[in-house]
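Taking it in order: structure first as structure tokens, then the write-up.
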Number of protein chains: 2
Amino acid sequence: MPTTHVLPRYRIAVVGTGAVGGYYGGKLAYYGRDVHFLIRSEEERAAVKRFGLQIKSKKEAFRVARVNAHAATDTIGPCDLVLIALKATANDALPALLAPLLGPETLLLTLQNGLGNEEFLAERFGAERVLGGLCFVCLHKTAPGVIAHQGYGNLSLGEFAGWPRPRTHDVAWEFKRCGINARVVADLAEARWRKLVWNVPFNGLTILADAARPPGSPPVSTADLLADPDLSYLARRLMDEVIAAARQLGHAIPADFADTQFKRTAEMGAYLPSTLLDHRAGRPLELEAIWGEPYRRAFNAGAEVGRLETVYHLLRRQTVSPVASSGPGSVPP
Amino acid sequence: MPTTHVLPRYRIAVVGTGAVGGYYGGKLAYYGRDVHFLIRSEEERAAVKRFGLQIKSKKEAFRVARVNAHAATDTIGPCDLVLIALKATANDALPALLAPLLGPETLLLTLQNGLGNEEFLAERFGAERVLGGLCFVCLHKTAPGVIAHQGYGNLSLGEFAGWPRPRTHDVAWEFKRCGINARVVADLAEARWRKLVWNVPFNGLTILADAARPPGSPPVSTADLLADPDLSYLARRLMDEVIAAARQLGHAIPADFADTQFKRTAEMGAYLPSTLLDHRAGRPLELEAIWGEPYRRAFNAGAEVGRLETVYHLLRRQTVSPVASSGPGSVPP
């Protein structure tokens with residue numbers, strides 16, 4: 001068994017071939033890496049086997065013609081690197097899914113959103129194996145095996161349990177050699193908080209604003225949010241709150257960070273966050289990873305997070321526990 | 001001209017004959033007081049002239065057969081006491097409406113919700129004239145001239161610009177002699193904040209929860225709110241925040257106040273706050289009086305009001321400035 005940082009060739013598994021797993025795994029496979037995709041949906045698997053995995057983009061369009069598509073992880077067997085790209089809401093399935101993929105030095109790289117995913121893996125498989133990656137990319141699946149890539153694509157990755165090591169850079173270079181703009185971050189937790197600084201307000205408030213509109217309305221985009229004086233003000237106040245919480249947790253966030261985020265968001269145009277699309281499509285929301293866990297950590301550190309608390313609970317009741325009505329109330333019709 | 005505290009008989013105007021003006025003015029008229037109602041709607045005025053003003057209740061039902069119904073305040077002329085029961089959102093109409101009613105010692109008693117109404121009157125007509133009243137009553141209009149009284153009915157009143165005076169007690173006694181459980185409060189501002197402690201969370205969160213449900217759903221009552229773990233938790237946290245803000249503004253709120261409010265709310269059953277009914281009926285919401293002005297005062301005093309800020313802006317954009325969509329966003333259909 002080679003030591004992890006001199007692996008000449010990775011055997012790679014992709015667990016969760018949604019838009020993120022399909023895109024990053026697809027790039028690796030397109031550049032000739034030995035990639036094995038877990039595709040549990042029979043329809044999706046059949047489409048991928050027949051037509052390959054297609055990534056469509058303004059800048060690039062490619063097709064992975066021969067895809068190693070597996071119905072279960074048993075047929076994949078032990079790998080050197082596992083990309084985990086399931087929704088965080090499906091984490092309960094991970095222990096069973098990952099078991100067949102694990103060798104003594106298998107690295108687990110979670111590409112999932114928000115906080116808590118590295119910890120989930122570390123508790124079950126040991127912190128030593130765990131890496132985390134943040135995907136700065138706009139993707140969505142348009143059909144089985146077809147992923148639309150709208151822009152960006154950077155990947156920031158780091159070690160869960162310490163500073164970057166040779167193996168961290170090896171993994172990053174493997175992505176870079178396959179056309180992915182990957183970089184190693186010194187502090188993964190800080191990188192996650194920096195991403196949350198945007199996700200908490202923009203993903204959260206577009207969902208809340210969208211849910212309050214009549215059915216059939218077009219979705220509330222980031223441009224709509226910025227154009228609305230109340231939502232835009234709230235987004236900024238919520239962002240400032242998340243930044244203050246991150247700082248209280250010991251993360252260094254630069255003074256102009258919020259200004260930069262708003263400027264970039266304005267430049268992005270009418271973007272629809274993936275969680276908004278999930279919510280509109282009735283798919284489960286990564287509520288705990290993006291809002292719940294950051295809220296609890298900030299709250300437990302003594303940070304003032306009243307706005308985050310309000311947004312978290314309003315989202316939670318809309319998506320997890322909608323009120324049952326006790327009837328028409330005490331007013332006669 | 002008699003001095004204000006020995007007025008043997010008040011000439012009373014009611015400006016705004018909605019549910020509150022009709023109920024309290026109706027009681028005064030039913031007990032023989034000289035009450036003049038401003039009823040600007042022609043349909044409503046015709047109904048009241050023909051059938052009288054009817055109050056229907058489980059505990060009491062009465063009809064004021066001969067009502068002094070006026071289309072404008074010019075025909076009423078100067079009064080000793082003016083009950084102001086317009087929605088706070090219609091305050092801009094008050095200067096013109098009140099001018100014909102004012103004699104040198106006319107008292108203006110606003111029965112409106114929230115903060116800012118006494119100040120509005122004081123700036124235009126002098127603080128000396130202004131009293132405020134808090135109505136603890138469940139009412140709604142069921143037809144022109146017909147008011148359903150669901151319960152309660154207490155009236156707390158006080159001076160805007162100082163401690164209670166003989167005239168304050170005179171006004172309270174005039175209500176008491178007409179079957180209204182009126183009391184004088186030493187500190188009107190404190191009484192207003194105590195009422196807001198309930199109104200801010202329960203009126204606000206029932207509206208937000210209601211707006212996020214599919215059209216045609218039954219309204220979200222206070223009982224629904226209490227039964228929902230997220231809304232109920234948020235209501236308590238928001239209430240605690242409003243109490244802390246009120247204390248920071250110098251108002252004494254007892255330690256068990258929030259507990260008592262929740263206990264009483266549970267006892268009330270499935271109550272639908274009037275602002276929720278307003279919102280569902282498409283009527284303007286008393287947004288600034290109940291949320292905006294309390295938020296600004298608390299914020300300016302340095303209180304932490306992130307929850308109130310969030311609820312205020314979410315309500316504001318739903319009711320005042322709903323987002324215009326810039327189109328379908330950047331995701332193809």
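In what follows, chains carry the letters A, B, and so on, assigned in the order in which the sequence lines appear, proteins first and then strands, with residues in each chain numbered from 1. Worth saying up front: this structure is predicted, and the values here are computed from it rather than measured.
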Side chains of A/Leu314 and B/Asp230: does their closest heavy-atom pair fall under 4.5 Å?
no
Verify the neighbour count for atom CD of A/Glu267: are there more than 12 heavy atoms of other residues, nucleotides or ligands below 6.0 Å?
yes
Toward chain B: residues of residues 54-62 of chain A with heavy atoms under 4.5 Å
none
Shorter than 4.5 Å, heavy atoms on both sides: which option in B/Glu309, B/Glu241, B/Glu304 has the most such pairs with chain A?
B/Glu309
How far does OG1 of B/Thr310 sit from CZ of A/Arg307, to the nearest 0.5 angstrom?
6.0 Å
Just how far is it from atom CG of B/Leu205 to atom CZ of A/Arg317, taken to the nearest 0.5 Å?
9.5 Å
Does any heavy atom of chain A fall under 4.5 Å from the side chain of B/Tyr312, the backbone, both, or neither of them?
neither
By residue number, those in residues 289-303 of chain A with heavy atoms under 4.5 Å from heavy atoms of chain B are A/Tyr295, A/Phe299
Heavy-atom distance under 4.5 Å between the side chains of A/Pro215 and B/Pro214, does that happen here?
no
How many angstroms lie between atom CZ of B/Arg316 and atom CG of A/Asp228, to the nearest 0.5 angstrom?
8.5 Å
